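Report on the structure given below.
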Protein chains: 2
Amino acid sequence: MGQKGAETRARILDATQELVEAGGYSGAGLNQVIAASGAPRGSLYFHFPEGKDQLVGESIRRAGQAIGAAFEDLAASGASAAEFAEGVLRHLGDRLEASGWSKGCPVATVALEMAAVSDPLQQACSEVYASWEAALRERLAGRRDADDLAVTVLALIEGALLLAKAHRSREPLDRVTGQLAALLR
Amino acid sequence: MGQKGAETRARILDATQELVEAGGYSGAGLNQVIAASGAPRGSLYFHFPEGKDQLVGESIRRAGQAIGAAFEDLAASGASAAEFAEGVLRHLGDRLEASGWSKGCPVATVALEMAAVSDPLQQACSEVYASWEAALRERLAGRRDADDLAVTVLALIEGALLLAKAHRSREPLDRVTGQLAALLR
DNA sequence: AAAAATATGTAGACCGATCTATTTAGGAGC
DNA sequence: GCTCCTAAATAGATCGGTCTACATATTTTT
């Protein structure tokens, strides 16, 4: 793939992620993706010949990797588990508020919309969550109930992010931060 | 409103809730609602003259009240806070699994899809969550950090339900149950 | 109580807009 | 010269929503 092609491909994925985060899988039309990315229709189906499912699936996996990498950076920074949790929640809160309460978890909306109706997208979401769970498990290794704790931390983050987006307010994130830090102390 | 009218109205709301839980706001078409409820198009717009937004908004509020009432029943049953949490998670897990991983939280999908794009639906979701938070706050009254704790419990439940649906598995609910009980002990 | 009038609800054809996807053609880069 | 990629017209289906005609209750009038 040439350089130009790779760029349009990335622009299409960027636009897709943005639109899907704002309005979900069904809410994000391919016409909007085309308009937002500036790429013509033909390019979209050249780079993603299997259509919308492939496009959104790749977009989710890419976002999952990016966030997973941020997790691991923060985990490797030597911060305590509680500081780590605070950092994650603050970072996600900043992103959510700065986007006008649009960008929460890039996976959650699609997961809820598609888990019951699309096998490939359910699988993509499940795998991204599993990778985050594994990263948290590793960060918490050695603790009692590390496996349960990792899932609990992820659930708490996802739930807080959901409530914050629903209320269009950081309050749920702030309230949860203290409790999460206490849980990890 | 006559008896017959009230029945079709309820059938339309039932079908809407089912379809929205499975595929989200944009994923649930009015044609599907009509087919599933057996009501003709004219009846839909007679009972919900403001269209899809009104229909889904009422559906969410109705589901919110039903679950809120179940919360309060369980809270009034004399169970401890930890038992209460276990009961809620078990009940939600049963519902989720029995529906083929379709019925999680009836509000969450719409909240994530619409919070950034529709003021009336964002408000409806926010109000339902606020009512649940209030119910939990009351159940936890007297505790230290009762307000933070109520939001945390709700976030944990919502997050666990999201992960369970995404993985099509009760495992996240089971893992979180123990941690939530410990948090409330 | 019978009949007329009004409100309530049902039924589906129809509309323009938008959806995802295909196709055919040509330009850009190696 | 040949692959890679762009460009847009087009197709058929489905979308939310409107409209008119009709049926069924419910009330009003006589």
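Just so you know, these numbers come straight off a predicted model, no measurement behind them. So you know, we letter chains A, B, ... as the sequences are listed, proteins then strands, and number each from 1.
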Length of the line joining A:Tyr25:OH and C:dT20:C1', which is rounded to integer Å: 9 Å

Minimum-distance nucleotide to A:Tyr45 side chain [options: C:dT22, C:dT8, D:dC4]: C:dT22

Starting from P on D:dT6, measure out to CD1 on A:Ile34 and report it in whole angstrom. 12 Å

For B:Gly42, report the nucleic acid contact type (base, sugar-phosphate, nothing); a contact means any heavy atom under 4.0 Å. base

Rounded distance (Å) that lies between atom C1' of C:dT20 and atom CD of A:Glu50: 15 Å

Please determine which of A:Glu127, A:Gln123, A:Gln122, A:Glu133 meets the side chain to side chain donor-acceptor pair (under 3.5 Å) test together with B:His167. A:Glu133

Atom pair distance, as rounded to whole Å: CG in B:Asp53 and C1' in D:dC15: 14 Å

Counting C-beta onward and ignoring hydrogens, is there a side-chain heavy-atom pair between B:Val176 and A:Asp148 closer than 4.5 Å? no

May I ask you to decide if A:Ile12's main-chain N or O and A:Thr16's side chain share a donor-acceptor pair within less than 3.5 Å? yes

Output the rounded distance in Å from CD (A:Gln54) to P (C:dA21). 11 Å

Exactly one candidate in A:Arg90, A:Arg170, A:Arg168 meets salt bridge (charged side-chain N to carboxylate O under 4.0 Å, His left out) with A:Glu97; the answer is A:Arg170

Nearest listed nucleotide, side chain of B:Phe46, among C:dT10, D:dT6, C:dA21: C:dT10

Heavy atoms under 4.0 Å, any strand shown: does A:Gly51 hit a base, just sugar-phosphate, or nothing? sugar-phosphate

D:dT6 OP1/OP2 closer than 4.0 Å to side-chain N/O of A:His47: yes

Regarding A:Glu7, tell me which of base, sugar-phosphate or nothing describes its non-hydrogen contacts under 4.0 Å with the strands shown. nothing

Taking B:Cys105's backbone N and O only, do any of them form a donor-acceptor pair with B:Lys165's side chain (distance below 3.5 Å, no angle check)? no

Taking OP1 and OP2 of D:dC15, is either one under 4.0 Å from a side-chain nitrogen or oxygen of B:Asn31? yes

Give a yes/no on whether any side-chain N or O of B:Thr8 is located under 4.0 angstrom from OP1 or OP2 of C:dT10. yes

Does D:dT14 have OP1 or OP2 under 4.0 Å away from a side-chain N or O of B:Gln32? no

Quickly work out the B:Ile12 CD1 to D:dG17 P distance and round it to whole Å. 14 Å

Taken to the nearest whole Å, CZ/A:Arg11 to C1'/D:dC5 is 12 Å

How close or far is atom P of C:dC19 from atom CG of A:Leu30, stated in whole angstroms? 9 Å

Both A:Arg41 and B:Pro40 contact DNA chain C. Taking the nearest nucleotide for each, which residue is further toward the 5' end? B:Pro40

